[in-house]
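Data block below; observations after.
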There are 2 protein chains.
Amino acid sequence: MKTKEPDIVDLGNHFRRLGMRFTPQREAVWKLFRDSQRGYSIPEAIEVLKDQNIGMATVYRTVMALQEIGRLSWVHDQNGDHRYVACKSMHGHPLVCEKCGRVQEFVSCDLSVLERLLAVETGFTITGHRLEVLGICPVCQV
Amino acid sequence: MKTKEPDIVDLGNHFRRLGMRFTPQREAVWKLFRDSQRGYSIPEAIEVLKDQNIGMATVYRTVMALQEIGRLSWVHDQNGDHRYVACKSMHGHPLVCEKCGRVQEFVSCDLSVLERLLAVETGFTITGHRLEVLGICPVCQV
DNA sequence: GTTGTTGCAAACAGTTTGCACGAAA
DNA sequence: TTTCGTGCAAACTGTTTGCAACAAC
């Protein structure tokens, strides 16, 4: 009997805790994203996973589920549509390479000063933010 | 003869400078977005503009053109798809009300410290960022 | 007059849904 | 054994394209 990787066990528990089942398909979808630097758009993921006999409806449903439970987030590609990437940590933001699309997560973003200022100036109650930083990764700089 | 609003004249010049024509349709599309607090998704804009006999292909083409020349940008709605809003200024960022969708632009965002830190820590050359701040606007707080 | 733009409709791409079967718990 | 999840295909929604007529310059 094969030992499962810790993140797989953890994800299985996460699903079950929510009354959902942890199926081989869900495991396969998660692994695809977890092991990718650039993430995938849904059509791309469908293309890859169909070789494992995973139907497109399952891909849609699973990606949405993973996103809702906070395991996937998305970034924009050049065309403006979404590519999904695995979240390593809570409250992380993506640093995206504009050439190869590689995504590196960072956590140290302090927008509290800006948010306080905006609250005072606009009367809004600030509830959150979405931040993507763009750049060129070391590999693509050559 | 009717005097044109200054922003219309300016937009006309902007198009012509690029060798493009400034048609009544383009003017109408621009005005729709300019006069809206929440902006529109493309299907919404198509719906509104079809009463003015503007075809959907024209809406798509014009919104894309306005976006490319920096007159429109987009924000995300709850479903994660795009709503286009008029840019008042260059380098502005949107502050979006999560209840009513109203968008207020702000400019004072200083991410230079964060960006320098990321450059050192990751080896990326930072080229830009996308920031959306979310909140509840004064009207919706009641 | 020249050439970019428009509206239409058809083609296309992407997403959602209903359902019978299978498999996780 | 009891649901929930799956794959399939059909339906649907959103987007793009080709083209003849038109209008901005």
Side-chain angles (χ1 to χ4, degrees), chain A residues 1 4 8-32 39-69 71-72 74 76-84, chain B residues 1 4 8-32 39-69 71-72 74 76-84:
Chain A
M1 170 177 177
K4 292 246 178 193
I8 301 293
V9 175
D10 177 53
L11 181 61
N13 292 335
H14 194 160
F15 270 116
R16 279 182 286 264
R17 213 179 307 129
L18 296 165
M20 304 170 78
R21 290 171 189 178
F22 189 54
T23 63
Q25 290 88 337
R26 288 181 175 171
E27 182 174 334
V29 173
W30 166 248
K31 281 181 173 168
L32 178 72
Y40 295 92
S41 68
I42 293 201
E44 285 167 353
I46 288 172
E47 183 58 29
V48 176
L49 291 163
K50 98 169 149 221
D51 296 344
Q52 302 174 43
N53 295 307
I54 297 179
M56 69 178 168
T58 299
V59 177
Y60 274 102
R61 292 186 277 229
T62 306
V63 168
M64 293 314 152
L66 287 169
Q67 189 189 212
E68 267 154 33
I69 68 175
R71 299 282 175 154
L72 291 182
W74 41 256
H76 288 97
D77 60 19
Q78 293 80 341
N79 324 321
D81 35 43
H82 295 156
R83 229 165 59 236
Y84 294 86
Chain B
M1 170 179 173
K4 293 247 178 190
I8 302 294
V9 175
D10 177 52
L11 182 61
N13 292 336
H14 194 159
F15 271 117
R16 279 182 287 265
R17 212 178 309 129
L18 296 166
M20 304 168 79
R21 289 168 189 182
F22 190 53
T23 63
Q25 291 89 338
R26 287 179 177 172
E27 182 174 334
V29 172
W30 167 247
K31 281 180 173 166
L32 178 71
Y40 295 91
S41 67
I42 293 201
E44 285 167 355
I46 288 172
E47 184 59 29
V48 176
L49 291 163
K50 96 169 152 223
D51 296 344
Q52 303 175 42
N53 295 307
I54 296 179
M56 69 177 168
T58 299
V59 178
Y60 273 102
R61 291 185 277 228
T62 306
V63 169
M64 293 314 150
L66 287 169
Q67 191 189 212
E68 268 155 31
I69 69 175
R71 300 278 175 156
L72 291 182
W74 41 256
H76 288 97
D77 60 17
Q78 294 78 341
N79 324 323
D81 35 42
H82 295 157
R83 230 166 58 237
Y84 294 85

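In what follows, chains are A, B, ... by sequence order, proteins preceding strands, each numbered from 1. Fair warning: this is a prediction, and the values are worked out from it, not measured in the lab.
In this structure a side-chain-to-backbone donor-acceptor pair under 3.5 Å is present from A/Asp77 to A/Asn79.
Counting all heavy atoms, side chain and backbone alike, B/Ile69 lies closest to B/His14 at O-CE1, 3.5 Å. For the pair A/Gln52 and A/Ala28, the tightest heavy-atom approach, listed with the atom from each and the gap, is OE1-CB, 3.6 Å. Closest heavy-atom contact between B/Tyr84 and B/Leu72: CB-CD1, 4.3 Å.
Residue B/Glu44 contributes atom CD, which lies 16 Å from atom C1' of D/dT15 at whole-angstrom precision. Note: NZ (A/Lys50) to C1' (D/dA9) measures 15 Å, nearest angstrom. For the pair B/Ile54 CD1 and C/dC8 P, the computed distance is 11 Å after rounding to whole Å. Rounded to whole angstrom, the span from the CG atom of B/Asn79 across to the P atom of D/dG14 amounts to 11 Å. Rounding to whole angstrom units, CG of residue B/Leu18 and P of D/dA24 are separated by 19 Å. The OH-P distance, from B/Tyr40 to D/dG14, rounds to 17 Å in whole Å. Distance B/Tyr84 OH to D/dG14 P: 14 Å, rounded to the nearest Å.
Dashed line: the shortest gap from a side-chain N or O of B/Gln25 to OP1 or OP2 of C/dG7 is under 4.0 Å.
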Side chain to side chain contact (heavy atoms under 4.5 Å, CB included) assessment of B/Ile8 paired with B/Phe22: CA-CA 10 Å; B/Ile8 302 294; B/Phe22 190 53; 3.8 Å; yes
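For the atom pair NE2 of B/His82 and CD1 of B/Ile42, the computed distance is 10.5 Å after rounding to the nearest 0.5 Å.
A/Met20 meets the side chain to side chain contact (heavy atoms under 4.5 Å, CB included) test with A/Phe15, A/Leu18, A/Arg26, A/Ala65; sequence neighbours excluded.
The residue among B/Gln52 and B/Gly19 whose nearest nucleotide of DNA chain C is located toward the 5' end is B/Gly19.
Using bins of under 30°, 30° to 60° and over 60° for the plane-to-plane angle, the ring pair A/Trp74/B/His76 lands in the tilted bin.
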Taking only N/O atoms, report every protein-nucleotides 23-25 of chain C pair under 3.5 Å with atom names and distance.
unit_1, atom_1, unit_2, atom_2, d
C/dA24, N3, A/Arg21, NH1, 3.4
C/dA25, OP1, A/Arg16, NH1, 2.8
C/dA25, OP1, A/Phe22, N, 3.4

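Here the options are A/Thr62, A/Ile46, A/Leu49, the test is side chain to side chain contact (heavy atoms under 4.5 Å, CB included), and the partner is A/Ile54; only A/Leu49 passes.
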Contact pattern, 5' to 3', of nucleotides 12-21 of chain C - B, S or - by protein heavy atom under 4.0 Å: --SBBBB---
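Listed by first and then second residue, the salt bridge (Lys or Arg N to Asp or Glu O under 4.0 Å) pairs that reach into residues 10-20 of chain A are A/Asp10-A/Arg71, sequence neighbours excluded. Screening residues 47-62 of chain B for salt bridge (Lys or Arg N to Asp or Glu O under 4.0 Å), with sequence neighbours left out, gives B/Glu47-B/Lys50.
Direction change of the helix axis from one end of the helix from C/dG1-D/dC25 to C/dA25-D/dT1 to the other is 50°, with five pairs defining each end axis (rounded to 10°).
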